[in-house]
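Proteins come first, then strands; the chains are lettered A, B, ... in the order of their sequence lines, and each starts at number 1. These numbers come from a predicted model, not from an experiment.
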Amino acid sequence: MFHVSRFTFYSPIINSFKINLNKELWIKMNNIRVRFAPAPTGYLHIGGARTALFTWLFARKNNGTFILRIDDTDEARSTEESLRGILDSLRWLGLDWDEGPEIGGPHAPYFQSERTDIYQKHIQKLLDSGNAYHCYCTKEEIDAEKAKVGPWNYRYNGKCRQLTEADKRHYEAEGRKPTVRLKVAGDAIVVPDLIKGYVEFKAETLDDFIIVRSNGTPLYNFTSTVDDSLMRITHVIRGEDHLTNTPKQILIYQALGFETPKFAHAPTVLDTEGRKLSKRRHGELVSIGFYRDNGYLPEAMVNFLVRLGWSYDDKEEMFTVDELLEKFDIGRVGKSASIFDIQKLKWLNREYIMKRDIHDRTNLVIPFLRKAGLLNDDELTTDRRVWLEKLVEAVGDRMTTLADIENSSFFFVDEIEYDKKAVKKSLKRDFVPGLLRDLKSIFAELQPFDENTVEAKIREYAGQSGLGGKVMLPIRVAITGKSFGPGLFESLTLLGRDKVLQRIDKAMELLRPTNT
RNA sequence: GUUCCUAUCGUCUAGUCUGGCCCAGGACACAGGCCUUUCGAGCCUGCAGCGCGGGUUCAAAUCCCGCUAGGAACACCA
């Protein structure tokens with residue numbers, strides 16, 4: 001059996017000996033609490049959804065608590081609509097939260113915009129303990145410094161660390177509004193990470209960074225740290241882009257006297273060109289809602305997302321949520337970025353569509369038929385429903401997405417369009433006009449017009465006429481307009497005698513010499 | 001620039017910690033074939049990968065060193 005859990009860590013900075021630690025110890029705790037903390041500035045995208053899924057699975061698998069927190073400190077960009085979209089997408093994926101919006105919880109409020117007094121209190125605490133200080137340097141002064149040494153080489157020199165009361169009064173009198181900076185000290189910071197192992201950062205690369213703006217509002221690194229502590233988060237699971245942020249946050253935990261949680265930084269999700277998935281570049285193609293609206297099943301999406309970076313072994317790759325609850329292990333999430341390739345999603349989606357029974361599948365397909373204008377509400381009589389189920393059954397596995405039901409539009413409409421290629425290839429043949437003529441009279445008389453009788457009759461005709469299997473494709477094209485689709489005999493009976501006769505007429509019309 | 005992360009088929013990945021069972025396994029995609037009344041289905045076959053260079057070892061995808069390439073962060077964004 002496989003074990004990722006043992007990690008050897010060799011730190012040249014802290015110590016010159018090896019530390020062995022069993023990752024399993026990191027998750028063997030009683031009250032596991034994890035959170036997903038989106039900013040409501042857009043829809044839930046593929047990468048965020050995967051992080052949420054990993055987090056949720058980690059919680060559920062370990063009997064923990066899954067918290068949803070809304071990081072909406074950026075008032076300008078946060079919208080109510082985004083929030084709703086994100087919650088809907090999470091629900092659609094089946095990721096339910098134990099604490100958070102709409103349900104509250106013991107650590108409410110779960111919106112950062114409503115927690116300002118809490119942040120205020122903790123800033124004061126840092127100021128009082130001397131772990132943070134007011135900095136009166138203006139943005140302009142700092143920018144000037146940066147310009148001198150180059151933006152990349154600049155590090156704040158701690159100039160305001162030792163300000164006297166008189167200095168402060170002087171600056172205040174000038175009308176300067178101070179920022180708050182954290183006093184950074186120490187040699188090295190080690191991030192314990194369930195996915196990456198131990199990651200060590202040199203503290204000397206950090207300067208006294210700002211935790212509160214001059215307008216008094218706290219910054220992300222600070223709010224997120226305070227909330228994660230107060231909400232008793234034991235494992236911070238998030239995207240890899242936050243990894244280099246983590247040492248700063250660890251410094252804040254320490255300054256505040258809070259225990260630092262364990263971390264798990266999930267690798268980035270890239271597009272097929274190897275670029276990071278972004279709203280700007282990819283638009284709705286990276287939003288979860290897009291896939292819901294285009295006929296993907298949540299179980300397919302979940303399966304797809306979880307396999308982006310995580311694997312169970314070398315053979316199994318289809319997992320129901322129940323199986324994931326048993327098999328998911330965050331330690332088996334890979335370290336390298338993965339590429340979002342829709343082919344696999346499509347394959348999974350088809351597999352999962354086929355797993356639904358006909359009744360279910362019919363229900364799933366109905367909204368797409370309505371959207372395509374193929375079905376009206378008042379049309380859904382019992383008879384029609386029975387017919388629909390037969391149709392869905394006949395379509396079978398010919399759907400990659402639920403929206404593919406639209407390929408069967410010829411069953412619904414009165415006037416079909418003929419596919420040019422199909423007509424050319426299958427209808428414009430010498431024997432077809434005669435075939436259609438014969439068929440017309442056969443079908444007109446046939447009793448009953450059901451699958452067995454139709455099939456028997458066609459086969460009989462195929463044999464007698466000497467045409468054999470050649471008759472099949474022309475019939476198909478004549479009555480559906482296409483060269484592919486559900487079984488021919490099913491299609492004929494699903495269509496019904498009237499429509500079939502009507503379309504044979506239409507096809508014959510099409511084949512008149514004047515029309516060629 | 002500095003710090004940090006990463007590197008197995010086109011893609012998702014197994015294998016790496018515990019070297020030999022791996023001249024690297026599976027899946028998706030792709031190509032070909034078969035079957036079938038059509039088909040995007042099914043069955044079969046094929047294609048294709050350990051980034052590079054050193055070292056250690058009887059033996060390296062696996063351990064060590066170096067390089068290269070990609071990514072992230074370095075904000076009074078989150």
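Remark: the separation of the C1' atoms in B:U8 and B:C22 is 12 Å, to the nearest Å. A gap of 30 Å separates the C1' atoms of B:C63 and B:A27, to the nearest Å. With C1' as the reference atom, B:C21 and B:A31 are 32 Å apart, rounded to whole Å. Going from the P atom of B:A61 to that of B:C9 covers 15 Å, rounded to whole Å. Taking atom C1' in both B:G46 and B:A59, one finds a spacing of 32 Å when rounded to whole Å. Between the P atoms of B:G66 and B:C5, the separation comes to 14 Å (whole Å). As rounded to the nearest Å, B:C12 and B:G71 have P atoms that lie 15 Å from one another. Comparing B:A78 with B:A41, their C1' atoms are spaced 47 Å from each other, to the whole Å.
The nearest heavy atom of RNA chain B to A:Gly334 and to A:Asn407 marks one nucleotide each, and the one closer to the 5' end goes with A:Gly334.
Here A:Leu473 lies in heavy-atom contact (under 4.0 Å) with sugar-phosphate atoms only. Among the atoms of the strands shown, base atoms are found under 4.0 Å from some heavy atom of A:Phe489. Using a 4.0 Å heavy-atom distance criterion, A:Arg350 is classed as a sugar-phosphate-only contact.
Using a 4.0 Å cut-off, no side-chain N or O of A:Ser336 falls inside it from OP1 or OP2 of B:C5.
With distances taken from any side-chain atom of A:Phe201 to the nucleotides B:C12, B:C4, B:U37, the minimum falls on B:C4. Of the candidates B:U38, B:U37, B:G15, B:U38 carries the atom nearest the A:Ser483 side chain, counting heavy atoms from C-beta on.
Nucleotide B:U68 forms a Watson-Crick or G-U wobble pair with B:A7, both donor-acceptor distances falling under 3.5 Å. A 3.5 Å limit on both hydrogen-bonding distances identifies no Watson-Crick or G-U partner for B:C50. In this structure, B:U45 and B:A31 make a Watson-Crick or G-U wobble pair, each of the two defining distances being under 3.5 angstrom. With a cut-off of 3.5 Å on both Watson-Crick or G-U wobble distances, the partner of B:G1 is given as B:C74. Pair assignment for B:C23: none, as no Watson-Crick or G-U wobble contacts are both less than 3.5 Å.
Distance A:Asp271 CG to B:G10 P: 17 Å, rounded to the nearest Å. Taking atom CG on A:Asn153 and atom C1' on B:U3, their separation rounds to 13 Å, with Å as the unit. Rounded to whole Å, atom P of B:A41 lies 12 Å from atom CG of A:Asp404. In this structure, CZ of A:Phe328 is placed 12 Å from P of B:U13, rounded to the nearest angstrom. B:U2 atom P lies 22 Å from atom CZ of A:Phe209, rounded to whole Å. Following rounding to the nearest Å, A:Lys202 (NZ) and B:C5 (C1') show an atom-to-atom distance of 14 Å. Atom NZ in A:Lys355 sits about 17 Å away from atom C1' in B:A41, given to the nearest Å. Atoms CZ (A:Arg50) and C1' (B:C12) sit 12 Å apart, rounded to a whole Å.
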remark   = Per-nt protein contacts along nucleotides 20-29 of chain B (heavy atom under 4.0 Å; B base, S backbone sugar-phosphate only, - none) come out as -----BBBSS
request  = Go along nucleotides 71-78 of chain B 5' to 3' and tag each nucleotide: B for a protein heavy atom under 4.0 Å from its base, S when only backbone or sugar atoms are that close, - otherwise.
outcome  = -SSB-BSB
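A perpendicular orientation is assigned to the rings of A:Tyr291 and A:Phe340, their planes being inclined by more than 60° (bins at 30° and 60°).
In the displayed structure, A:Glu81 atom CD is contacted under 6.0 Å by at most 12 heavy atoms of other residues, nucleotides or ligands.
Tested against A:His265, the residues A:Asp241, A:Asn245, A:Asp193 include a single side-chain hydrogen bond (donor to acceptor under 3.5 Å, both in side chains) partner, A:Asp193.
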